[in-house]
Amino acid sequence: MTRSHVLSSLVLASALAAALFAPPASAQRASLAERVSALETQAANNQGNIDLLNQLTALRNEVQALRGQIEELQQQNDQLQTSARNQYLDLDDRMNRLEGGSGAASSPGAAAPAAAPKPVAGPAARPAAGPVDSAPTVFGDAGLLANAADERSAYELAFSAMKEGRYAESANLFQAFLRAYPTGSYAPNALYWLGESYYVTSNYALAMEQFQAVLQRYPTHDKSAGALLKVGLSQYGLRDLPAAEATLGRVVAQYPGTDAARTADDRLRSIQLNSLR
């Protein structure tokens, strides 16, 4: 056999082996389709991941924007609370001055006591009639009301301490006032400002007790709206958010259009925004 015959035989054998063991054309087409499908699926997954990443970025930006709004609202709310407290103090001071003026006009004898001989010590010496000469009974520190000749001056003494930021002293003075004049005309105001003295020093539990007492004892008093508001704010300070929301909602419903209702509505919005964070 010649060399050319041997080579021809080898080529023929290789072709036969390739024909026998090669996959059919349909199988090759299926394999190619699967690869293309896999590549498309992978590309789709990559696009989905990119979309999710974009959505996450957008959500983070929205959260940051909301946090900025919340901080701004909280700052505005704090400013409103400070402004409202100053307005309450100023209004109460003006009303007290007006009431004091009318009281002085109705009892001119109280301005300057009539001259009289010095009383002799003993039961025969009786004070002149009227609250000016009847010193209140103090169950705590007698020095708390040493300079208070009557209910009006005792109230002003405590109120002045609170206006000057001496909250611990004002709390003691209001307590002493309420012990001396539990049914006095200034008792509702004194009870309210006692709660305020506690509230501004973050003693929310004690503050809430005083504001609730105002609502229970004097439900129709002009301090009732502010007292209910401060109950809600005290609950908020104690982080009892469900109770705070309920109480602030009552303020908005019972006293619409008032400063108390507007402050309650602002705090409700703040609570709702914080719950979304």
Side-chain angles (χ1 to χ4, degrees), residues 62-92 158-159 161-175 178 187-277:
E62 289 180 10
V63 169
Q64 288 177 354
L66 286 173
R67 284 178 178 172
Q69 293 177 8
I70 289 170
E71 290 176 359
E72 183 178 352
L73 287 172
Q74 286 177 336
Q75 183 179 6
Q76 291 176 0
N77 188 51
D78 292 340
Q79 292 174 350
L80 285 172
Q81 284 186 357
T82 302
S83 176
R85 184 169 65 84
N86 292 336
Q87 289 176 6
Y88 283 144
L89 292 172
D90 183 64
L91 179 61
D92 189 83
F159 190 74
M162 190 183 66
K163 283 202 304 182
E164 294 169 5
R166 294 179 280 119
Y167 299 117
E169 182 180 351
S170 68
N172 290 333
L173 289 169
F174 279 125
Q175 286 176 345
L178 290 168
N189 289 36
L191 192 57
Y192 177 88
W193 294 121
L194 174 59
E196 185 72 15
S197 298
Y198 290 133
Y199 179 82
V200 296
T201 54
S202 301
N203 291 319
Y204 299 119
L206 285 174
M208 187 165 58
E209 290 180 10
Q210 316 313 315
F211 295 129
Q212 287 173 334
V214 173
L215 294 170
Q216 292 169 1
R217 300 179 195 175
Y218 315 102
T220 60
H221 194 269
D222 59 359
K223 293 290 186 190
S224 58
L228 186 59
L229 170 65
K230 286 303 176 68
V231 169
L233 295 179
S234 298
Q235 290 167 334
Y236 178 82
L238 293 170
R239 310 311 298 167
D240 188 357
L241 299 185
E245 285 189 83
T247 303
L248 295 172
R250 285 178 55 199
V251 177
V252 174
Q254 293 182 19
Y255 305 99
T258 62
D259 289 338
R262 284 187 286 271
T263 303
D265 188 57
D266 289 340
R267 183 49 62 93
L268 277 173
R269 293 176 185 273
S270 176
I271 293 173
Q272 292 165 357
L273 284 173
N274 283 331
S275 66
L276 297 176
R277 298 177 64 176

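Because only heavy atoms are used, hydrogens play no part in the values below, and waters and symmetry mates are left out as well, while side chains stay in. Numbers here are sequence positions counted from 1.
Distance CG/Asp265 to OG/Ser270: 11.5 Å, rounded to 0.5 Å. Atom CD of Gln272 is separated from atom CG of Leu241 by 11.5 Å, given to the nearest 0.5 angstrom. In this structure, the separation between CZ on Arg166 and CG on Asn172 is 11.5 Å, given to the nearest 0.5 Å. The distance from atom CH2 of Trp193 to atom NZ of Lys163, rounded to the nearest 0.5 Å, is 10.5 Å. Note that the CG atom of Leu229 and the CD atom of Gln254 stand 12.0 Å from one another [nearest 0.5 Å]. Between the CZ atom of Phe159 and the CZ atom of Phe174 there is a distance of 6.5 Å, given to the nearest 0.5 Å.
Gln210 places a side-chain N or O within donor-acceptor distance of the main-chain N or O of Leu206, the cut-off being under 3.5 Å. Side chain of Ser224 to backbone of His221: a donor-acceptor contact under 3.5 angstrom is found.
Within the 4.5 Å cutoff, side-chain heavy atoms of Glu196 are placed close to those of Phe211. With a 4.5 Å cut-off on side-chain heavy atoms, Leu248 and Ile271 count as touching. The closest side-chain heavy-atom distance from Tyr199 to Ser197 is not below 4.5 Å. Within the 4.5 Å cutoff, the side chain of Leu228 has heavy atoms near those of the Tyr255 side chain. Two residues are said to be in side-chain contact when any heavy atoms from C-beta on lie closer than 4.5 Å; Val214 and Lys230 fail this criterion.
Residues Ala260 and Gly226 share a closest heavy-atom pair of CB-N, 4.5 Å. The minimum heavy-atom distance between Leu173 and Ala158, with the atom names listed, is CB-CB, 3.4 Å. Considering every non-hydrogen atom in both Ala261 and Val252, the closest pair reads O-CG2, 3.7 Å. Looking at every heavy atom in both residues, Ala187 comes nearest to Leu178 through O-CD2, 3.6 Å.
The pair Arg262-Asp266 fails the salt-bridge criterion, with no side-chain N (NZ, NE, NH1 or NH2) lying under 4.0 Å from an Asp/Glu carboxylate O.
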